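All values derive from a computational prediction rather than experimental measurement.
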Amino acid sequence: QVQLVVSGGALVQPGGSLILSCAASGSILSISSMAWYRQAPGQGRELVARITTGGSTNYAASVKGRFTISGANAQNTGYLQMNSLKPEDTADYYCNAIVRDTVRMGSFSYWGQGTQVTVSS
């Protein structure tokens, strides 16, 4: 099986920065893509950013220019650099990875646990 461990959430003041990390481990042959989603209280889960193995990225309009996603490195860890944070960025952030799984013999979607980001003065 594959596990994704997310860390880095915190309380930060408006205008501040945070780095979220997503560490994948387990029966990983390769990671095709990695993405970050967020879910604010009372709202649905939305895509924040995605990166593919080839380096193609896409961002939600609300974070473009402020957030930067990096794909899984040699340690199978990806990151979301968040700058110029706003109160509306407050949410639980989740990592998702499409993994070629050596045990299940195919590509599957895996989710990490959420990490809370609160932007408030």
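Criterion: ILVMFWY side-chain heavy atoms under 4.5 Å apart, direct or through other members. Under it, I98 and L47 are not part of a common hydrophobic cluster. Put simply, V2 and F108 are part of the same group of oily side chains (I, L, V, M, F, W, Y) that touch within less than 4.5 Å, one to the next. Residues V117 and V48 share a single hydrophobic cluster, defined by chaining ILVMFWY side chains whose heavy atoms lie under 4.5 Å apart.
With sequence neighbours left out, the salt bridge (Lys or Arg N to Asp or Glu O under 4.0 Å) criterion links R66 to D89. With sequence neighbours left out, the salt bridge (Lys or Arg N to Asp or Glu O under 4.0 Å) criterion links D92 to no other residue.
Heavy-atom minimum distance, T53 versus S33: OG1-N, 4.4 Å. Annotation for W36 and G78: closest pair CZ2-O, 4.2 Å, computed over non-hydrogen atoms.
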Pair up each side-chain donor or acceptor in residues 70-77 with any protein partner under 3.5 Å, not counting sequence neighbours, and list the distances.
{"residue": "S70", "atom": "OG", "partner": "Y79", "partner atom": "N", "Å": "3.3"}
{"residue": "N73", "atom": "OD1", "partner": "Q75", "partner atom": "N", "Å": "2.9"}
{"residue": "N73", "atom": "OD1", "partner": "N76", "partner atom": "N", "Å": "3.2"}
{"residue": "N73", "atom": "OD1", "partner": "T77", "partner atom": "N", "Å": "3.0"}
{"residue": "T77", "atom": "OG1", "partner": "Q75", "partner atom": "O", "Å": "3.3"}

Contacts under 3.5 angstrom, residues 3-19 side chains, donor-acceptor by atom type, not counting sequence neighbours:
{"residue": "Q3", "atom": "OE1", "partner": "S25", "partner atom": "OG", "Å": "3.4"}
{"residue": "S7", "atom": "OG", "partner": "S21", "partner atom": "OG", "Å": "2.7"}
{"residue": "S17", "atom": "OG", "partner": "N83", "partner atom": "OD1", "Å": "2.9"}

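Residues T68 and Y59 form a side-chain contact, since some pair of their non-hydrogen atoms from C-beta on lies under 4.5 Å apart.
Residue pairs meeting the salt bridge (Lys or Arg N to Asp or Glu O under 4.0 Å) criterion with at least one partner in residues 40-62, sequence neighbours excluded, are R38-E46. Judged as a side-chain hydrogen bond (donor to acceptor under 3.5 Å, both in side chains), the pairs with a partner in residues 94-107 (not counting sequence neighbours) are, in order, S27-D101, N96-S109, D101-Y110, R104-Y110.
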Working for ring-ring contact (aromatic ring centres under 6.0 Å, His included), residues W111 and Y37: CA-CA 10 Å; W111 289 89; Y37 289 76; 5.0 Å; yes
Is there a side-chain contact (heavy atoms from CB on, under 4.5 Å) between S62 and E88? Walk through the geometry before answering. CA-CA 9 Å; S62 59; E88 50 264 42; over 6 Å; no
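Considering SG of C22 and CD1 of I69, their distance stands at 9.0 Å, rounded to 0.5 Å.
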